[in-house]
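Working notes, beginning with the structure itself.
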Amino acid sequence: MYQQWIRDFEVESFRNNLVTWFQNEQRDLPWRHNQTPYKVWISEVMLQQTRVDTVIPYYKQFLELFPSLEALAEADEQKVLKAWEGLGYYSRARNLHSAVKEVHEKYDGVVPEDPKQFGQLKGVGPYTQGAVLSIAYGKPEPAVDGNVMRVLSRIMSIWDDIAKPKTRKLFEELVRILIDTNHPSDFNQGLMELGALICTPKTPNCLLCPVREQCRAFSEGVQAELPVKSRKKPPRSLEMTAVILRNSQGELLIRRRPSTGLLANLWEFPNHEMVIESETQVDQLKAYIEEDFNIKVNITKHALNIKHVFSHLIWNIKVYEAETTDEISQIEGECFVNRDQLRDYPFPVSHQKIIEYILND
DNA sequence: CAAGCGTGGTC
DNA sequence: TGACCAAGCTT
C-alpha cells in the first residue's frame with residue numbers, strides 16, 4: 001500500500017539530501033565520539049523520552065562510573081540507580097543493568113548484532129533495537145521515534161494519529177522502504193537530527209530544510225498541522241504525607257520502595273496516602289507510623305509541603321517531623337542513617353526537597 | 001490496546 | 001502558567 005505514496009516520490013534525492021545534510025550539520029555530541037555498541041546503547045536508553053541537554057551530563061558521568069559493559073554488569077543495582085537519580089523512568093536503569101548482565105554472561109560481553117537476540121533483552125523495544133543496530137553495526141533496521149514520525153508524517157503527508165501504537169508500525173514499514181542501505185546509521189540519525197533541529201514540533205524551519213523539495217506537507221502548506229497526535233488524560237492528584245523521623249541519635253529513618261511500580265527500588269522517607277486537614281488526622285498519621293515500624297513516635301512539627309508532578313499523577317505531600325526513642329528491628333530496606341549517608345541512596349526528585357530541608361536545618 | 005512509568009524545559 | 005513536549009518500554 002505504501003508503493004502508492006512512493007511512486008511519485010523522489011526516494012534517491014530524499015536519501016542523498018538527508019544523509020549529506022546529516023554528515024555536514026550533525027551536532028557534536030558525547031556519544032558520537034569513539035562509538036562502541038555499549039556506548040551507543042547507553043545513550044539510546046538515556047535518550048528515551050529525555051532531552052539531549054538533560055542526558056549529556058548523565059551520560060558522561062555514567063561512562064566514568066561504568067566505562068565498559070563488564071564494569072556495568074558487575075556493578076550493584078543501587079549504584080546504577082544512584083547514577084540514574086533525577087533522570088526519571090527508573091525502570092530504564094534496572095532493565096538496562098539486567099540486560100547488560102545478560103549480555104555479559106550469555107554473549108561473552110559482546111552486544112548481539114542479531115536483531116532478534118538484541119531485541120529480546122530487557123528494556124530494548126523496537127526503537128532502541130533499530131537505533132543501536134543501525135548506529136553501532138550499520139544494519140538497515142528502522143529506528144522510529146517521535147522525531148521520525150513527525151518528520152515522515154510531514155514529508156509524506158500522513159494524517160494517522162502518531163499516539164496510536166499501530167501508527168509506529170506503519171512508519172517502520174515506510175522506513176524499510178526509504179532507508180539508505182548504504183548509510184543506515186546516517187539515514188536514521190539524519191531523520192532524528194532533522195526532527196530535532198529543523199522539523200520541530202512548532203514552527204518548523206522549512207526554509208533551512210534539506211528535503212523541502214520532497215516534502216508534501218510543505219508544498220501543501222500544512223506542515224504546522226502535522227503530525228496528528230491525540231492528547232492523553234491529565235494526571236490525577238494524590239494527597240500524601242511524609243515523615244522526617246529521627247531516633248535518639250538524630251539519625252533519619254528511610255526505606256526502599258517496592259521492586260515494581262512507581263519509582264521502583266528507590267529510597268524514600270516513610271509516607272502514606274492520606275488527607276490531613278485537622279489535628280486529629282495528625283494523630284492518624286502517628287498511628288500509621290507506629291504500626292508500620294512497630295515503634296512509638298511523637299509528631300513534633302509540620303515541616304513543609306511539596307507538590308510534585310509526574311507524567312500520570314500529582315503528589316501533594318505534607319511533610320512532618322517526628323522523633324522516637326525506640327529502635328526499629330533490622331529489616332532489609334528499612335534503616336536509620338545519618339545526614340551524610342543520605343547522599344549514598346537514590347531518592348526520587350520529589351524527596352530531594354525533603355533532603356534539602358534536612359541539610360539546611 | 002491503554003495505561004503506567006519521571007523529569008525539566010518551553011512558550 | 002498550564003499544556004505540551006523529549007532519541008519509548010512494559011504490562
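In the text below, chain A, chain B and the rest are named by the order of the sequence lines, each starting its count at 1. Note that the structure is a prediction, hence the values are computed from the model and not measured.
- Using a 4.0 Å heavy-atom distance criterion, A:R32 is classed as a base contact.
- Taking only distance into account, the side chain of A:S350 never meets the base of B:dG6 through a donor-acceptor pair shorter than 3.5 Å.
- Going from atom CG of A:L262 over to atom P of B:dG4 covers 11 Å, rounded to whole Å.
- Base engagement by A:T50 is indicated by at least one non-hydrogen atom pair under 4.0 Å involving a base atom.
- Using a 4.0 Å heavy-atom criterion, one finds that A:P234 contacts no nucleic acid atom at all.
- Judged by distance alone with a 3.5 Å cut-off, a donor-acceptor contact links the side chain of A:R51 to the base of C:dC5.
- A straight line from CZ of A:R257 to P of B:dC5 spans 9 Å, rounded to a whole angstrom.
- For the pair A:F310 CZ and C:dC5 P, the interatomic distance rounds to 21 Å; values are reported in whole Å.
- Phosphate proximity of C:dA6 to A:Q49: absent, as no side-chain N or O sits under 4.0 Å from OP1 or OP2.
- Contact check, A:H312 against B:dA2: no side-chain N or O comes under 4.0 Å of OP1 or OP2.
- Across all strands, A:I135 comes closer than 4.0 Å to no nucleic acid atom at all (heavy-atom distances).
- A:K202 comes within 4.0 angstrom of nothing in the nucleic acid, heavy atoms only.
- Nearest-nucleotide mapping onto DNA chain B: of A:K164 and A:S91, the residue sitting toward the 5' end is A:K164.
- Side-chain atoms of A:S98 and A:E102 include no donor-acceptor pair closer than 3.5 Å.
- Whole-Å rounding puts the A:R236 CZ to B:dA3 P distance at 12 Å.
- Within the 4.0 angstrom heavy-atom criterion, only backbone atoms of the sugar-phosphate kind lie near A:T128; the bases stay farther away.
- Distance A:I314 CD1 to C:dG2 C1': 10 Å, rounded to the nearest Å.
- A:S134 places no side-chain N or O within donor-acceptor distance of the main-chain N or O of A:P140, the cut-off being under 3.5 Å.
- A:H308 and A:N316 share no side-chain donor-acceptor pair at under 3.5 Å.
- A:Y90 has a side-chain polar atom (N or O) that falls below the 4.0 Å cut-off from OP1 or OP2 of B:dT7.
- Across all strands shown, A:L263 has heavy atoms under 4.0 Å from sugar-phosphate atoms exclusively, and none from any base.
- Ring geometry for A:F118 versus A:W41: interplanar angle over 60°, hence perpendicular rather than tilted (30 to 60°).
- Shown are A:Y58, A:Y59, A:F66; of these, the ring pair (Phe, Tyr, Trp, His ring centres under 6.0 Å) with A:F62 is made only by A:F66.
- Rounded to an integer number of Å, the gap from NZ of A:K229 to C1' of C:dA3 is 12 Å.
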